[in-house]
Protein chains: 2
Amino acid sequence: MPKESTPVVGVTLDRYDRQILDILQRHGRINNQELAERIGLSPSPCLRRVRALEDSGLITGYRALVDAKRLGHSLTALLHISMDRHTPERFANFEAKVAALPQVQECLLITGQEADYQLKVVVHDMDDYQNLLLNQITRIEGVTGAHSSFVLRRVLEHRPVPSYSDAPY
Amino acid sequence: MPKESTPVVGVTLDRYDRQILDILQRHGRINNQELAERIGLSPSPCLRRVRALEDSGLITGYRALVDAKRLGHSLTALLHISMDRHTPERFANFEAKVAALPQVQECLLITGQEADYQLKVVVHDMDDYQNLLLNQITRIEGVTGAHSSFVLRRVLEHRPVPSYSDAPY
DNA sequence: TTATTTTTTAGCATATAATGCCAATCTAAC
DNA sequence: GTTAGATTGGCATTATATGCTAAAAAATAA
């Protein structure tokens with residue numbers, strides 16, 4: 001085990017792996033040759049490491065980012081949802097209904113007395129939002145409350161998860 | 001303009017473009033040949049369209065997704081921050097300070113009386129969180145309040161932005 | 001420290017994919 | 001229908017990914 005390696009849950013990363021993760025989180029479609037150059041390895045071991053990170057499940061996928069506003073979705077909202085009862089059935093049903101709504105970008109189960117879920121939704125305009133909220137979301141069984149915040153500006157988004165080396169231990 | 005096209009702010013998309021956007025948002029590293037097959041075009045026009053979507057700014061980038069938990073970040077929190085004054089200087093300073101913290105995955109300026117910003121942060125454990133909150137974030141000039149929610153489970157994440165055709169108009 | 005084992009690498013050959021070009025096809029307007 | 005413009009498919013070329021092997025590096029044991 002190299003001295004610079006980082007033992008984590010089932011994975012051991014050295015500085016090459018950390019660099020790969022960092023670069024791919026910023027430039028997900030970089031080709032293997034340039035990635036290899038940037039981390040200071042030749043292409044073949046570099047590719048082997050990328051494949052290993054994918055196979056290990058540490059890299060879970062790749063996504064293109066699109067400009068939602070330019071696609072016509074000018075409104076992004078955070079929706080905090082409260083449920084009446086905290087039973088697995090209630091939750092499972094809610095989650096299935098929400099998963100069927102393409103406007104829902106994200107759904108997190110969270111702690112807190114004010115809400116059980118936070119949804120992030122994108123819609124065309126306020127009319128669409130009202131329709132989504134009143135006709136879709138609040139009609140899901142068990143939903144007792146909904147509180148909306150609107151995103152005025154996206155200051156930071158899609159930032160890389162820190163490598164362990166960023167942490168102060 | 002083809003009959004199936006979708007006029008948006010400065011962009012006109014037909015079904016091929018919409019399919020490309022949808023597929024690349026799910027499989028950001030798919031190769032051009034397979035992408036071309038899936039949308040029913042030959043590779044060369046397919047690639048030309050992808051480049052056009054990138055050049056137009058509709059596709060803003062690509063990201064690898066990593067499993068934060070397996071990287072040692074077992075705690076994800078949503079942090080709602082209130083500011084004393086809503087001046088550009090206050091905001092700019094806060095945003096710069098927050099951008100320097102690698103644990104901050106996302107920072108959104110939002111509406112609402114309870115908070116001005118929502119941060120999404122990932123940390124190793126509750127000790128780290130406490131340290132981040134008390135020693136870093138609440139010490140930023142102008143921060144008057146912070147309220148934390150913790151993410152219990154990620155139900156949905158990184159979903160594709162709906163193509164316009166998903167909308168009911 | 002030195003010898004031995006194990007792991008990882010670089011380089012090359014081969015397979016696969018991306019890119020640029022052009023004739024043919026399709027679309028939209030007249 | 002006819003024409004003008006845009007888009008496509010196929011091909012040649014260039015670039016990249018992948019698999020293999022010998023060499024190098026790292027880890028382990030003596």
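Because only heavy atoms are used, hydrogens play no part in the values below, and waters and symmetry mates are left out as well, while side chains stay in. Chain naming here is simple, since letters A, B, ... match the order of the sequence lines and numbering starts at 1 in each.
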Atom-pair distance ([atom1] on [X]; [atom2] on [N]), nearest Å:
| X | N | atom1 | atom2 | answer |
| --- | --- | --- | --- | --- |
| B/Arg51 | C/dA18 | CZ | P | 9 Å |
| A/Arg49 | C/dT9 | CZ | C1' | 9 Å |
| B/Gln33 | D/dT18 | CD | P | 13 Å |
| A/Asn31 | D/dT18 | CG | P | 11 Å |
| B/Tyr16 | C/dC26 | OH | C1' | 11 Å |
| B/Leu47 | C/dG20 | CG | C1' | 10 Å |
| A/Asn32 | D/dG19 | CG | P | 12 Å |

- Please report the shortest heavy-atom distance between B/Ala99 and A/Arg159, naming the atom on each side. O-NH2, 2.6 Å
- Residue pair B/Ala64 / A/Tyr62: nearest heavy atoms and the distance that separates them: CB-CE2, 3.5 Å
- Item | Given DNA chain D, 5'-ward residue of the pair B/Arg48 and A/Glu34, judged by closest heavy atom | B/Arg48
- Please round to the nearest 0.5 Å and tell me the distance separating atom CZ of B/Arg29 and atom CD of A/Glu54. 7.0 Å
- Item | Value rounded to 0.5 Å, distance of SG in A/Cys107 from CD in B/Glu157 | 10.0 Å
- Task: Look at the side chain of B/Ser44 against the base of D/dG9 and say whether a donor-acceptor pair falls under 3.5 Å; ignore hydrogens and angles.
- Result: yes
